[in-house]
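Below, read A as the first sequence line, B as the second, and so on, with proteins coming before strands; counting in each chain starts at 1.
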Protein chains: 2
Amino acid sequence: MDDTGNSAAPMGRRERKKAATRQAIADTALRLFLERGYDDVGIREIADVADVSTTTLFKHFPVKEALVFDEDADQESGLLAAVRERPEGQSIPAALREHALRYRMAAADGDARFTAFFDLVDSTPALRDYAQAMWLRHTDALAQAIAEESGLPESEPACTALAHFALEAPRVARGHDDPRLAVARAFDLLEIGWRALVSRG
Amino acid sequence: MDDTGNSAAPMGRRERKKAATRQAIADTALRLFLERGYDDVGIREIADVADVSTTTLFKHFPVKEALVFDEDADQESGLLAAVRERPEGQSIPAALREHALRYRMAAADGDARFTAFFDLVDSTPALRDYAQAMWLRHTDALAQAIAEESGLPESEPACTALAHFALEAPRVARGHDDPRLAVARAFDLLEIGWRALVSRG
DNA sequence: CCAATTAGTGCAACTGATGTACTTTTGAAG
DNA sequence: CTTCAAAAGTACATCAGTTGCACTAATTGG
């Protein structure tokens, strides 16, 4: 839909300044959030420190939560690629499991800033919910990719079901002592069911 | 935790009045919501019409959404009963499917007030989300019941996975032309996977 | 009857978010 | 270069949900 952020695009002074303002706001917000916690930093303060008005802030970010997820990038393309470009013989749920384990559960081993970021999101209900809601917006696209790859009709509800469950899987892990195992088990359930369902037509 | 609402409990004048106030607030709110829509009725107005202060209102209901779900009753016991008292030979996912189809997708055929209520919830994002969040709070209890019934260790992540997915299933239906079919398919996926998973130990 | 709770009140304030009207900047057309 | 309209930003007021505080009044248990 919107192709902002393409580094190759020669944008004029105007768009550059706009992007700079946006970045300044997001950076300020994230810094303050990491310092003092999401709930203890108000919109007015962020705008103040970033030296813009609250009106301007909300012109760049629709809601407070969005300040944290500025660099969404395209998670969706990665997700779809995981399905479409999976190794020969690997089932779709298996590919999604790999992707989930690699991409969503990789918090621990990155550098400190990433860890802090994940901690922030993880420990703030509002941010967790927002992130999950964003994640679920890919359901339809994923369902369509699954339908194409599996040869099932696009309208087949099982495709939507698999897509939805796969996207919910990381959430199942919450509260388990071994999150990776929990996610793996959730995908086991889906994989076995999916195999049988596909082979029967 | 709290055992309010037990009709057999002889509560004193105080608790009776409290319950009456609560009921009056909830009734007023629901009436206004049905008349004019959830988003077009403010907290202050509800309190005003119910003749209480907003402070009092919030002492009975933690957030605006809660005004609509006053009569939660115990969905949880029904859910657990569906699993524990299922017919001989019926799998756990099958029992959950029956329960989902009967209890969650039954909006259309009740009397008009129920229909209107479901429409209200269904057409208001804030209420949908709140309802789903409430629904998911039963995950742990359901997972435990599943573990007991299936003989798997309580810590087995697959139990949590099945519980979570089963509770999410109704959401898969959203946006499909035939919601009941979509839900059924979602449970098919779970049932087949579950059978295999249990039989392997 | 006294003392401790506790429902309820009134009011002010805070926080996220929106609407309106006004100024500046900028890109581009003439 | 001038002019003009769109875009970006600002100031200010306001709304809605929610909370804190100080206080009253009813109730209940000892």
Legend entry - Value in whole Å for how far the C1' atom of C:dT24 lies from NZ of A:K18: 16 Å

Legend entry - Presence of B:S53 side-chain N/O under 4.0 Å of C:dC11 phosphate oxygens OP1/OP2: no

Legend entry - Separation of D:dT19 P from B:K64 NZ (nearest whole Å): 15 Å

Legend entry - Value in whole Å for how far the P atom of C:dC11 lies from CG of B:D48: 12 Å

Legend entry - Shortest side-chain distance from B:T56, nucleotide among C:dT9, D:dT18, C:dG16: C:dT9

Legend entry - Sugar-phosphate, base or nothing in reach of B:D51, heavy atoms under 4.0 Å: sugar-phosphate

Legend entry - Residue closer to the 5' end of DNA chain C, B:T21 versus B:T54 (nearest nucleotide): B:T21

Inset, instruction - Check for a donor-acceptor pair, side chain of A:K64 on one end and backbone N or O of A:G42 on the other, with a separation under 3.5 Å. - result: no

Legend entry - Nearest-angstrom distance from the residue atom CD of B:E65 to C1' of D:dA16: 12 Å

Legend entry - Earlier contact from the 5' end, DNA chain C, for A:D39 and A:K59: A:D39

Inset, instruction - Compare side-chain N and O positions of B:H60 against OP1 and OP2 of C:dA7 and report whether any pair is under 4.0 Å apart. - result: no

Inset, instruction - Indicate whether any N or O donor in one side chain lies under 3.5 Å from an N or O acceptor in the other, for B:T21 and B:H60. - result: no

Inset, instruction - Measure the distance from CZ on B:R44 to P on C:dC14 and round it to the nearest whole Å. - result: 14 Å

Legend entry - OP1 or OP2 of C:dT26 under 4.0 Å from side-chain N/O of A:K17: yes

Legend entry - Interatomic distance, B:F58 CZ vs D:dC21 P [rounded to whole Å]: 17 Å

Inset, instruction - Let me know the distance between CG of A:L67 and C1' of C:dT15, rounded to the nearest Å. - result: 14 Å

Inset, instruction - Using whole Å, report how far CZ of B:R16 lies from P of D:dT27. - result: 10 Å

Inset, instruction - Check for a donor-acceptor pair, side chain of B:S123 on one end and backbone N or O of B:L120 on the other, with a separation under 3.5 Å. - result: yes

Legend entry - Nearest-nucleotide pick for B:I43, side chain only, options being C:dA17, D:dT18, D:dT10: D:dT18

Inset, instruction - Indicate whether OP1 or OP2 belonging to D:dA11 is found under 4.0 Å from a side-chain N or O atom of A:T55. - result: no

Inset, instruction - Mark yes when over 12 heavy atoms from residues, nucleotides or ligands other than A:E154 sit less than 6.0 Å from its CD; otherwise mark no. - result: no

Legend entry - Any donor-acceptor N/O pair, B:Y103 side chain to B:E98 backbone, under 3.5 Å: no

